[in-house]
2 protein chains.
Amino acid sequence: MRSPTELTAAFRGRGLKVTPQRQLIFRLLDGNTAHPSAEILFAAAEAQMPGISLRTVYQTLNDLAEMGELNQLDLGTGASRFDPNVGDHHHLVCVDCGAVRDVHVSGARQLTPDGGPQGFVLDAPHVIFRGHCSECADAAQRS
Amino acid sequence: MRSPTELTAAFRGRGLKVTPQRQLIFRLLDGNTAHPSAEILFAAAEAQMPGISLRTVYQTLNDLAEMGELNQLDLGTGASRFDPNVGDHHHLVCVDCGAVRDVHVSGARQLTPDGGPQGFVLDAPHVIFRGHCSECADAAQRS
DNA sequence: TCGCAATTTGCAACCACTGTAGATTGGCAA
DNA sequence: TTGCCAATCTACAGTGGTTGCAAATTGCGA
Ligand SMILES: [Mn+2]
Ligand SMILES: [Mn+2]
Ligand SMILES: [Zn+2]
Ligand SMILES: [Zn+2]
């Protein structure tokens, strides 16, 4: 995702308005590595702008995703997770608490389906490592 | 997933009953490579057993997944997809129609997060190739 | 400053899935 | 073979995540 300032220009360029709600969401996403859900972002937004609606958060996230500024990830954690890091990277997912961490995976780019793409036109592969984060593994240990 | 006959024994062994509904679902899944959703399986089941309930389909799928006979996949296609192939393999996903195809990916097993597992205890990695299947690519071409 | 298309909000609706309870039944014991 | 009863099935309500809609509001180019 580009910076809030650059996004402001990009939105205006598309005939989209730059509202205080959108600017707030730009700021909340800028540099955010937590892979937040819409609900989590809404909670953070509401703290700074009481009255903002969840619907507006969804709207803006969808706009950003459509513009390619945001990746929407479905990792089996219940809700979609939004990722302002649109560069080449992969994910660690805690199946207990839903935490998501970025990882680089050398060699992932070269991965290819054995026997060819089966007629598919393919994007770059995405590697998901599921497991238990240290907090959840510790909690399980203690019990 | 094991064969319907073997599953019958496995269910009885766990104190679970083998009902006509469950047997039908076993058969519908046996050798099924379509990665069906619960709704799709329900439609197929209803055709052979009018009156079967969607709830029962979900129940049985959850039981099979809990027993490790089935993998539940979250591929961002709306609903969970169920996979009787629990061996080591990966997936091609059409972002247009939701088609899922099995692929083997040599080298996938050895993939590792650069810089270590970050404190996570990890399962085997899962590689997802998103793209457009030949049918959907053709349809886009023609339009 | 004005006008209006874009946006926001509130709320209903939708989809995938789960909880519940009463009716039904598979499968063991007698 | 029958009877019992825990397991199951179905119907339906409820939940969580997300989208559709319409009336009120507002950013921003003219
Ligand atoms: Mn990420
Ligand atoms: Mn598969
Ligand atoms: Zn965790
Ligand atoms: Zn397709």
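Side chains included, hydrogens not; waters and symmetry mates left out as well; all remaining heavy atoms used. Naming convention: chains lettered A, B, ... in sequence-line order (proteins, then strands); numbering from 1 in each chain. The shown structure was predicted, so the numbers you read here are calculated from the model rather than taken from an experiment.
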Trainee: Once you round it to whole Å, what is the distance between P of C/dG10 and CD of A/E46?
Mentor: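 So the two atoms are 10 Å apart, to the nearest Å.
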
Trainee: Quickly work out the B/I52 CD1 to D/dA11 P distance and round it to whole Å.
Mentor: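 Roughly 11 Å, once rounded to whole Å.
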
Trainee: Between B/R55 and B/Q59, do the side chains contain an N or O donor and an N or O acceptor separated by less than 3.5 Å?
Mentor: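 Side-chain D/A pair, B/R55 to B/Q59: present.
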
Trainee: Is a donor-acceptor contact shorter than 3.5 angstrom present between the side chain of A/R55 and the base of D/dG20?
Mentor: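 Side chain to base: pair present.
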
Trainee: For A/R14 and D/dC28, what is the distance between atoms CZ and C1' respectively, to the nearest whole Å?
Mentor: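 So the two atoms are 19 Å apart, to the nearest Å.
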
Trainee: Would you say the side chains of A/T5 and A/T8 form a donor-acceptor pair under 3.5 Å?
Mentor: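 No, no side-chain donor-acceptor contact under 3.5 Å.
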
Trainee: Under 4.0 Å: is that the gap between some side-chain N or O of B/S80 and OP1 or OP2 of C/dC17?
Mentor: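 Yes, such a contact exists.
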
Trainee: C/dT8, OP1 or OP2 - any side-chain N/O from A/T19 closer than 4.0 Å?
Mentor: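 Indeed, a polar side-chain atom of A/T19 lies that close.
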
Trainee: Specify the separation, in whole Å, of atom CG of B/N62 and atom C1' of D/dC9.
Mentor: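 These atoms are roughly 15 Å apart.
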
Trainee: Considering every strand and a 4.0 Å limit on heavy-atom distances, what is the contact class for B/L16: base, sugar-phosphate, or nothing?
Mentor: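 Sugar-phosphate, no base atom in range.
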
Trainee: Taking OP1 and OP2 of C/dT9, is either one under 4.0 Å from a side-chain nitrogen or oxygen of A/Q21?
Mentor: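 So the side chain of A/Q21 is within the cut-off, an N or O lying under 4.0 Å from OP1 or OP2 of C/dT9.
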
Trainee: Which residue is it: B/N85, B/N71, B/D83? I am looking for the one with a side-chain hydrogen bond (donor to acceptor under 3.5 Å, both in side chains) to B/H35.
Mentor: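 Of the listed residues B/N85, B/N71, B/D83, the side-chain hydrogen bond (donor to acceptor under 3.5 Å, both in side chains) partner of B/H35 is B/D83.
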
Trainee: Out of C/dT9, C/dG26, C/dA16, which has the shortest distance to the side chain of B/P20?
Mentor: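 Selected nucleotide: C/dG26.
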
Trainee: Could you work out which one of D/dC28, D/dT18, C/dC17 sits closest to the side chain of B/A79?
Mentor: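 Minimum distance to the B/A79 side chain belongs to C/dC17.
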
Trainee: Give the rounded distance in Å between these two atoms: CD of A/Q72 and C1' of D/dT18.
Mentor: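 Going from A/Q72 (CD) to D/dT18 (C1'), I get 10 Å.
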
Trainee: Rounded to the nearest Å, what distance is computed from the CD1 atom of residue A/I40 to the P atom of nucleotide D/dG17?
Mentor: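 So the CD1-P distance, A/I40 to D/dG17, works out to 10 Å.
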
Trainee: Linking I/L/V/M/F/W/Y whenever their side-chain heavy atoms sit closer than 4.5 Å, directly or via other members, would A/V100 and A/L28 fall into one cluster?
Mentor: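 A/V100 and A/L28: separate clusters.
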
Trainee: Which comes earlier along DNA chain C counting from the 5' end, the contact point of B/R12 or that of B/L54, where each point is its nearest nucleotide?
Mentor: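 The answer here is B/L54.
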
Trainee: Using a distance-only test with no angle check, is there a side-chain donor-acceptor pair under 3.5 angstrom linking A/Q21 and A/T56?
Mentor: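 Their side chains do not contain a donor-acceptor pair, so the 3.5 Å distance test is not met.
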
Trainee: Separation of A/K17 atom NZ from C/dT9 atom P, in whole Å?
Mentor: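 Distance, rounded to whole Å: 14 Å.
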
Trainee: Between D/dT26 atom P and A/F11 atom CZ, what is the distance in whole Å?
Mentor: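 Going from CZ in A/F11 over to P in D/dT26 covers 19 Å.
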
Trainee: Answer yes or no: does a side-chain N or O of B/R22 lie under 4.0 Å from OP1 or OP2 of D/dA7?
Mentor: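 Indeed not, no polar side-chain atom of B/R22 lies that close.
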
Trainee: Return no unless some side-chain N or O of A/S37 is found under 4.0 Å from OP1 or OP2 of D/dG17.
Mentor: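 Checking D/dG17 against A/S37, no side-chain N or O comes under 4.0 Å of OP1 or OP2.
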
Trainee: Should the pair B/R81-B/D74 be classified as a salt bridge under the 4.0 Å nitrogen-to-oxygen rule?
Mentor: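 Salt bridge: no.
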
Trainee: Return whichever of A/Q59 or A/D74 has its heavy-atom-nearest nucleotide of DNA chain D closer to the 5' end.
Mentor: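 So the residue in question is A/D74.
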
Trainee: Are any of A/Y58's side-chain N or O atoms less than 4.0 Å away from OP1 or OP2 of D/dT18?
Mentor: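 True: A/Y58 side-chain N/O within range (under 4.0 Å) of D/dT18 OP1/OP2.
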
Trainee: Please classify the nucleic acid contact of A/T56 as base, sugar-phosphate, or nothing, using heavy-atom distances under 4.0 Å.
Mentor: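 Base, at least one base atom sits under 4.0 Å.
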
